[in-house]
Amino acid sequence: MHRKSLVIPLLLLASAAAARTAGGDGPTPDTETADTVIVVDKVQVTAIKQGLVLRSQPVAASIVGGRAIERGRIGAVKNLSQTVPNFHAPDYGSRMTSSIYVRGLGARIDQPVIGLNIDNVPVLNKDNFDTELADAERIEVLRGPQSTLYGRNTMGGVVNVYTLSPLTYEGVRLTAEYGSGDSYRFRASSYYKLSPDLGMAVTGYFTHTGGFFDNDCTGEKCDWERLGGGRWKTQWRNNRGVRIDNTFSFSALDQGGYPYAYAGEDIVRDGKTVIRNGQVSYNDPSSYRRTTVSDGLTVRYDAAKYSVSSITSYQYSDDEMTLDQDFTPESWFTLRQARREHALTEDIVFRSHDGRRYGWLLGAFGFYRHGVMEAPVHFKRTGIEELIVKNANEHLGAIWNEEYSISADELPLYSDFRMPVYGGAVYHESNLRLGRWRLTAGIRFDVEHTSLAYHSRTDMDYFVSKEGGAPAPKRISIDEGNRIAHTYCEVLPKVSLLYAFDEVRNLYISVAKGYKAGGFNTQMFSDILSEKLKWRMAGSQYDEADLMSYEPEYSWNYELGGHFSCMDGAVRGDFAVFYIDVRDQQLTIFPEGQSTGRMMTNAGRTRSVGAEAALQFAPWRSLEINTAYGYTDARFVRYDNGIEDFKDNRIPYAPQHTLSAQAAWTLPTGVKWLGDVVLQAGVRCAGRIWWNEENTLSQPFYALADASVRFEHKHYSLDIWGRNLGGARYDVFYFKSIGNEFVQRGRPRTFGITLNINI
């Protein structure tokens with residue numbers, strides 16, 4: 001890479017190593033005005049919607065530069081967790097569950113609270129967020145509603161990832177890594193120019209993890225993983241202002257089951273312990289596989305006073321999840337969820353050039369997604385007896401003086417879904433500079449139509465004995481389907497006022513509306529079908545509750561923040577305080593009793609209030625210290641589920657505190673072939689995290705200590721690293737299944753070695 005064109009930023013992130021530690025990477029540009037990874041005009045891939053220097057914008061933003069990404073081994077969005085204030089992305093047992101919590105907002109399933117764009121292309125499916133970010137050149141995390149420019153599902157913010165450009169870097173990059181848990185990673189990239197204006201890059205990667213947690217029932221590791229993929233990137237420029245970028249990427253993932261540990265009282269049957277507290281033990285196979293393909297085409301034309309960009313993408317995802325859904329050694333029930341999805345997006349953006357008194361942006365966005373899903377649930381012997389026969393005899397048998405029985409060892413419940421959704425939007429933003437003041441106002445009109453066509457079916461043979469008489473054979477056949485559809489129209493305004501003391505020191509205040517789309521509770525259909533079976537056994541109809549869909553979520557975000565710098569850029573920082581009023585907040589809940597699914601519901605009204613700050617301190621060229629802290633108090637204002645009033649309780653899953661502190665000390669060795677030695681140490685913290693609406697279960701505040709020794713040369717680097725060095729025991733996830741409680745343990749202490757070669 002032509003590293004003399006690089007500027008190593010560190011604006012907010014505790015994980016970054018800043019330009020002042022650039023060492024042999026050449027001269028450092030003006031740290032007072034540069035906040036991106038590189039001098040933007042030389043990057044060739046630039047932000048299309050926001051300004052070039054985020055520190056001059058009225059937004060809470062964190063930026064990770066290329067060197068920080070490499071030194072911190074940031075290979076996925078979840079690796080940013082805690083190092084960005086009030087940003088929590090737990091490492092769940094599956095890459096499918098890509099949950100992100102920002103400022104008390106978030107959800108474990110379905111719609112995301114934060115958007116993800118890779119080279120300006122939006123990733124529509126949240127299940128694809130947790131993927132390899134190979135050769136990322138910089139990562140931007142914008143917190144607070146970005147709905148005006150980015151639309152639906154960005155009420156918590158946006159993560160923008162920009163990958164390395166073949167027009168600014170030529171050469172070969174190789175990476176090899178080995179670590180604890182029989183984990184290894186390989187990556188190879190080739191960047192070259194076919195002509196001064198045409199560049200091409202090819203990247204391939206493969207990662208493998210043997211696993212860290214044992215399934216005591218099978219005696220094997222249950223969290224193994226294999227992930228491979230690649231990217232082909234082409235960029236072309238001409239001297240008349242035309243730029244064309246095309247990125248084709250694919251990946252294939254294969255994972256084992258899930259290390260979900262039982263968290264209740266020991267289960268004992270017939271004097272024998274079935275499963276103990278803290279034990280991971282389940283008998284049926286569990287796995288997750290995923291194949292993704294995407295292509296993003298960006299065409300941009302720069303005229304004298306404005307630019308126009310077209311961002312077009314096609315995205316395909318094919319995944320399958322298999323679960324022993326009771327997560328015990330007993331045979332209750334299993335789930336297979338197979339889904340295929342095609343998506344098309346188009347975004348056209350007209351924008352005036354920066355540096356003028358009045359600036360404007362005008363855009364139009366459209367998308368279409370079509371998904372099909374098969375989700376059969378297979379009740380096994382124990383599940384049939386406990387969840388269907390026992391319930392029928394307890395609740396129905398006494399009414400009709402009947403006793404029910406089933407001789408089958410397996411009962412399949414089939415559910416198929418078609419889920420087309422399409423939408424469009426027009427949006428505008430204006431910026432007016434009046435001396436040191438800058439007024440920004442924007443508005444977006446968003447329309448979305450979503451529908452669910454479902455088909456549920458099952459057949460069950462059973463016996464009925466009335467008043468102790470001979471059992472009579474009966475049969476129930478259910479075969480039904482329907483279509484549900486909703487249309488949402490939203491107006492999403494935003495206004496902000498910024499006062500600039502100079503180019504990088506400012507204060508701002510902003511008000512913005514956020515919006516998260518509604519959806520359908522596909523995971524509840526097996527529960528609905530089993531209830532219908534139970535009641536039809538007694539000759540009655542099940543009065544289906546309104547469980548199939550949930551409403552959109554809305555927020556108003558009020559924020560006061562600023563950016564500051566002093567001591568000639570040796571000290572830089574950012575801060576923000578916020579108040580978020582949320583209506584119809586979407587929550588993942590586990591219905592009472594021995595339900596088999598989970599569902600999304602709307603919680604009435606919640607509020608989130610908090611503050612966040614980050615500080616970068618570089619007292620001299622060889623030392624950099626970074627800290628980031630976020631505090632969030634997120635509570636229910638109005639939420640009564642008919643059984644209990646949760647008013648003033650804290651919202652589950654969102655941490656109250658996030659904290660990180662890291663230091664990097666660069667020591668020149670004086671040996672030309674060895675380069676520098678970089679010593680890094682830090683800590684990442686989160687908590688308390690409440691697991692339920694009752695606030696009776698929680699994960700206390702925990703700290704993870706990391707450290708590394710790095711030998712850094714222009715053409716290679718060698719890292720010896722360790723994570724969670726204190727061996728902290730912590731949980732990252734909690735859920736219920738058939739009334740039992742389970743938790744996902746966090747990663748244990750790990751060590752590894754990483755070699756990077758640049759030719």
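It should be emphasised that the depicted structure is a prediction, and the values quoted were computed from it without experimental measurement. In what follows, every heavy atom counts, from backbone to side chain, and hydrogens, waters and symmetry copies are set aside.
Residues passing the side-chain hydrogen bond (donor to acceptor under 3.5 Å, both in side chains) test with Trp721, sequence neighbours excluded: Thr754. Residues forming a side-chain hydrogen bond (donor to acceptor under 3.5 Å, both in side chains) with Ser307 (at least two apart in sequence, or on another chain): none. In this view, Tyr191 and Tyr169 satisfy the ring pair (Phe, Tyr, Trp, His ring centres under 6.0 Å) rule, not counting sequence neighbours. Residues forming a ring pair (Phe, Tyr, Trp, His ring centres under 6.0 Å) with Tyr184 (at least two apart in sequence, or on another chain): Phe186, His208. Contacts of Arg226 classified as side-chain hydrogen bond (donor to acceptor under 3.5 Å, both in side chains), with partners at least two apart in sequence or in another chain: Asp254. Listed by chain and residue number, nothing satisfies the side-chain hydrogen bond (donor to acceptor under 3.5 Å, both in side chains) test with Arg73 (two or more places apart in sequence, or in another chain).
Enclosure of atom OH in Tyr314 by more than 12 non-hydrogen atoms of other residues, nucleotides or ligands within 6.0 angstrom is indicated. Heavy atoms of other residues, nucleotides or ligands lying less than 6.0 angstrom from CH2 of Trp236 number more than 12.
Cation-pi geometry between Lys49 and Tyr150 is met: under 6.0 angstrom from the ring centre, within 45 degrees of the axis.
Ion pairing between a basic and an acidic side chain is recognised when a charged N comes within 4.0 Å of a carboxylate O; Asp719 and Arg710 show such pairing. Glu612 has a carboxylate O that lies under 4.0 Å from a charged side-chain N of Arg143, or vice versa, which qualifies the two as a salt bridge.
Between Leu297 and Asp245, every side-chain heavy-atom pair lies at or beyond the 4.5 Å cut-off.
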